[in-house]
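Have a look at the structure below, then the notes.
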Amino acid sequence: MTINTYVKEASYGKTMVRFMKKDVCPESKVHNVYEMDVQSMLSGELDESYTKADNSIVIPTDTQKNTIYVFAKNNDVSVLEVFAAKLAKHFVDRYKHIHGATVDVTITPWSRLTVRGKPHNHSFIRNPSEARKTHVAFTEGKGFDVVSSLKDVSVLKSTGSGFNKFHKCEFTTLPEVDDRIFSTNIDCNYSFNHFATLDELASYDFNHAYETVKEITLDTFAMDDSASVQATMYKMANQIINKLLVIAEVYYALPNKHYFEIDLSPFDIDNRGPNCSLYQPQAYPSGYITCTVARD
Ligand SMILES: O=c1[nH]c(=O)c2[nH]c(=O)[nH]c2[nH]1
């Protein structure tokens, strides 16, 4: 006896399509560079390509890759979200049996190099501790859902953080602390309200949203007298939602990268509590604190 099965969900596409686009201002001759990593995924009436080996409905992933290159050549790529949205809509508009497309774009952060005190017009420096991403989903007849991200930003504050009055039970050994090192690797996803049309989406300033999310996150990290990672991350998300009305919800995942006091008492040196100045960085384990904050 064979058991009947069906394709419950299917999508396919090309991942890690990489390019570097150079954009030169005709008047000033100032260059901009955009190194990007793109993924496209298509969905729709595709079941028979899986169940009946019907390749006539398969838009080859190679074709998807070529489409990404041609769109990158012919379009402005400076706003990730708009570029991704144009691509996603193209796949759905162009192929009758494709009803949904998602496009993910990650940009490599090259920032302009300052040389002899001035911004250089064609030299750049890589900022390794920052990644900007977007995920755009276009659904036929519905529109666009956009989730953008600020990732891999490593930060540390050497005071202004404590952890007290936490739950205690028979397994608790953690001491309460008024002052500790707080270090994390920021991972923030911010979801936009639904966009019905490409025009509506393209009129929004996504670069401003990214800069605002980054500024609020870093400002709050530095300025908050942190009672816990949980409380600080909520303040970050709450401010973003209050400042940017177009954002529906914000997700943070913040590892708590621990730095513990090193015991120097065998050498008659006090390195405890308020006298601690030498810490052991812990590779693992780390805390891992997440939350999604939404408009009420
Ligand atoms: O900010 C913190 N949140 C926790 O949930 C936690 N747990 C822990 O051991 N240390 C910390 N610190």
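As the structure lists them, so they are numbered: ligands from 1, and atoms in each ligand from 1.
- Of all atoms in ligand 1, numbered sequentially from 1 with element shown, those under 4.0 Å from a heavy atom of Val229 are 1 (O), 2 (C).
- With respect to atom 11 (C) of ligand 1, the closest heavy atom belonging to the protein is Phe163 CE2, 3.3 Å.
- Here the straight-line distance linking atom SG of Cys188 with atom CE of Met236 works out to 9.0 Å at 0.5 Å rounding.
- Salt-bridge annotation for Glu45 and Lys96: absent, with no side-chain N of the basic residue lying under 4.0 Å from a carboxylate O of the acidic one.
- Arg94 CZ: 12 or fewer foreign heavy atoms inside a 6.0 Å radius.
- Nearest protein heavy-atom neighbour of atom 12 (N) of ligand 1: Arg180 NH1, 3.0 Å.
- A cation-pi contact, defined as under 6.0 Å to the ring centre and within 45° of the axis, is absent between Lys89 and Phe144.
- Set against the non-hydrogen atoms of Gln230, the atoms of ligand 1 under 4.0 Å away are 1 (O), 2 (C), 3 (N), 4 (C), 5 (O).
- Ranking the protein heavy atoms by distance from atom 9 (O) of ligand 1 puts Leu174 CD2, 3.4 Å first.
- Within ligand 1, the atoms closer than 4.0 Å to a non-hydrogen atom of Ser228 are 1 (O), numbered from 1 in the order shown.
- Within a 6.0 Å radius of CZ in Arg272, other residues, nucleotides and ligands contribute 12 heavy atoms or fewer.
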